[in-house]
Amino acid sequence: MPRFDDQYYQRFYGLVGVHDHEQIGHLATAVHEMCAWWGVPPSSVLDVGAGVGMWRDWYRAQHPRVKVRSVDISEHACAKWGHELRDIATWKPSKKFDLVICHGVLHYLDEPAALSAIANLGAATRNVLYLELPTAHDLAEVVDPELTDMDVHHRSGEWYRSRLNVHFQQAGAGLWVRHGTVPLYELESAQP
Ligand SMILES: C[S@@+](CC[C@H](N)C(=O)[O-])C[C@H]1O[C@@H](n2cnc3c(N)ncnc32)[C@H](O)[C@@H]1O
C-alpha cells in the first residue's frame with residue numbers, strides 16, 4: 001500500500017486534522033504579506049508536497065492572478081486534488097518561483113532524499129521559502145502525538161539549519177530568504 005493514500009489524508013486531514021483551511025488562511029496571509037513587506041510580493045508560487053491543496057486553494061481564492069504550481073509524490077493526492085506528480089528529492093523545476101512552500105514534508109524523507117530536496121528547494125526559490133516540519137525536539141516536546149504523524153525522521157534543528165543555510169538566511173516563523181535577495185535588518189533575522 002502506498003503511504004500517502006486515502007487513509008493517510010483521512011487520518012491527518014479529516015475532521016480533527018493537523019490544520020484546516022481557516023488556519024492555513026491565517027498563515028498564508030502572513031507569509032504573502034511578509035513577502036510584500038520585503039518588497040517581493042509573489043507572482044509565482046510553488047507548493048511542494050501540497051497534500052489536500054490548502055495553500056493552492058487559498059491563493060486561487062485570494063490572489064487569482066498569482067501563478068501557483070502544486071506538486072506531490074502521492075498519486076492519490078495528485079488525482080484527487082489536482083497536483084503534478086513529483087518527488088522533490090529528484091525533481092528540480094526548470095524555472096524559479098518567487099515563493100516556495102514546503103509545509104510538513106521534509107521529515108518524511110530519509111537523509112539522502114532530504115539533502116537532494118533541500119538542494120532542489122534552493123534551486124526553485126527566487127526570493128522566499130516557507131518551510132515547516134517538526135524536528136526531533138518538536139516531536140519529543142511540542143507536537144500532540146495524537147494528531148501528529150510520529151512515524152517520520154527525527155532530525156535536529158541544527159541538521160536542517162546547517163543545510164538550509166547554504167541557500168537561505170533564516171528570517172524566523174518558517175520564513176527563509178534566499179541569499180542575495182532581501183536585505184534583512186540584523187534583528188529582523190533569526191541569524192545574522
Ligand atoms: C503532512 S502532508 C502535508 C500536506 C500539505 N503541505 C499541508 O501542509 O497541508 C505531507 C505531504 O508531503 C507529500 N510528500 C512526501 N514526500 C514527498 C516528496 N518526496 N516529494 C513531494 N511530496 C512529498 C505527501 O504525499 C503528503 O501529501
Side-chain angles (χ1 to χ4, degrees), residues 1-32 42 45-62 66 68-94 97 99-125 128-136 138-139 142-155 159-160 163-164 173-176:
M1 270 300 266
R3 175 167 192 173
F4 301 107
D5 58 6
D6 188 45
Q7 224 182 339
Y8 170 86
Y9 295 101
Q10 301 259 7
R11 161 84 175 81
F12 295 108
Y13 294 90
L15 279 181
V16 191
V18 284
H19 46 250
D20 60 21
H21 275 89
E22 190 181 342
Q23 290 167 306
I24 290 298
H26 291 302
L27 176 61
T29 302
V31 168
H32 185 85
V45 173
L46 173 67
D47 186 6
V48 173
V52 306
M54 291 185 216
W55 281 86
R56 186 266 325 273
D57 292 349
W58 182 85
Y59 263 104
R60 275 195 186 154
Q62 302 302 323
V66 172
V68 181
R69 196 165 166 191
S70 57
V71 303
D72 202 289
I73 202 174
S74 159
E75 287 186 15
H76 174 79
C78 291
K80 186 158 181 183
W81 295 293
H83 313 306
E84 289 173 47
L85 187 63
R86 305 284 187 198
D87 176 354
I88 193 57
T90 55
W91 175 72
K92 180 166 68 173
S94 54
F97 294 79
L99 170 66
V100 174
I101 311 295
C102 187
H103 190 166
V105 180
L106 288 187
H107 56 312
Y108 284 105
L109 279 61
D110 65 18
E111 187 162 330
L115 287 171
S116 320
I118 289 170
N120 289 336
L121 291 172
T125 306
V128 175
L129 167 70
Y130 173 76
L131 179 78
E132 191 256 28
L133 58 91
T135 63
D138 302 327
L139 291 160
V142 182
V143 305
D144 180 344
E146 294 299 313
L147 296 179
T148 307
D149 190 353
M150 302 299 283
D151 183 16
V152 295
H153 295 276
H154 295 222
R155 286 184 283 257
W159 189 94
Y160 288 103
R163 272 88 187 167
L164 288 158
L175 293 167
W176 297 76

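We count ligands from 1, going down the list as the structure has it; atoms in each ligand are counted the same way.
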key: Sidechain N-carboxylate O distance under 4.0 Å for Arg56, Asp72   = no
task = Would you confirm whether Asp57, through its side chain, and Met54, through its main-chain N or O, come within 3.5 Å as a donor-acceptor pair?
result = no
ask   = Among protein heavy atoms, which lies nearest atom 24 (C) of ligand 1, and at what distance?
value = Asp72 OD1, 3.4 Å
message = In this structure, does ligand 1 have an atom that sits under 4.0 Å from one of the heavy atoms of Tyr8?
response = yes
message = Can you confirm, on distance only, whether ligand 1 has an N/O atom lying under 3.5 Å from any N/O atom belonging to Ile73?
response = yes
key: Heavy-atom side-chain proximity of Ser70 to Trp81 below 4.5 angstrom   = no
request  = Classify the contact between Val52 and ligand 1 as side chain, backbone, both or neither, using a heavy-atom distance cut-off of under 4.0 Å.
outcome  = neither
request  = Please answer whether the main-chain N or O of Gly51 pairs with a side-chain N or O of His83 as donor and acceptor at a distance below 3.5 Å.
outcome  = yes
Min N/O separation Gly49 to ligand 1 under 3.5 Å = yes
inquiry  = Can you tell me how far apart CG (Asp47) and OH (Tyr59) are? Round to the nearest 0.5 Å.
reply    = 10.0 Å
inquiry  = With nothing but distance in play, are any N or O atoms of His19 less than 3.5 Å from an N or O of ligand 1?
reply    = yes
Atom indices of ligand 1 within 4.0 angstrom of Ser74 heavy atoms, with elements = 25 (O)
task = Classify the angle between the aromatic ring planes of Tyr13 and Tyr8 as parallel (below 30°), tilted (30 to 60°) or perpendicular (above 60°).
result = tilted
task = Give the C-alpha distance, both sets of side-chain angles, the deciding distance and a yes or no for side chain to side chain contact (heavy atoms under 4.5 Å, CB included) between Leu139 and His107.
result = CA-CA 11 Å; Leu139 291 160; His107 56 312; 5.7 Å; no
request  = State the OG1-CG distance between Thr135 and Leu106, to the nearest 0.5 angstrom.
outcome  = 12.5 Å
message = Below the 3.5 angstrom mark, is there an N/O of Ile88, backbone or side chain, next to an N/O of ligand 1?
response = yes
key: Part of Ala113 within contact of ligand 1 (heavy atoms, under 4.0 Å)   = neither
query = With a 4.0 Å cut-off on heavy atoms, is Phe12 touching ligand 1?
reply = no
message = With a cutoff of 4.0 Å, is Val48 in contact with ligand 1, counting heavy atoms of the residue only?
response = no
query = Should you measure from each heavy atom of Arg86, which atoms of ligand 1 turn up under 4.0 Å away?
reply = 20 (N), 21 (C)
ask   = Which is it for His76 and Phe4 under the ring-ring contact (aromatic ring centres under 6.0 Å, His included) test, yes or no, and what are the steps along the way?
value = CA-CA 7 Å; His76 174 79; Phe4 301 107; over 10 Å; no
query = What do you reckon, does Asp87 put a non-hydrogen atom under 4.0 Å from ligand 1?
reply = yes
ask   = Among Pro2, Cys102, Gly104, Ala89, whose heavy atom sits nearest atom 10 (C) of ligand 1?
value = Gly104
ask   = Is a side-chain donor or acceptor of Asp87 paired with a backbone partner of Ile73 at a separation under 3.5 angstrom?
value = no
task = Answer with yes or no whether Tyr9 contacts ligand 1, where contact means a heavy atom under 4.0 Å from a ligand atom.
result = yes
Those atoms of ligand 1 less than 4.0 Å from some heavy atom in Tyr13 = 1 (C), 2 (S), 3 (C), 4 (C), 7 (C), 8 (O), 9 (O)
message = Among Val45, Leu129, Val128, Asn120, which residue satisfies the side-chain contact (heavy atoms from CB on, under 4.5 Å) criterion with Val100?
response = Leu129
Close approach of Ala50 to ligand 1, heavy atoms, under 4.0 angstrom = yes
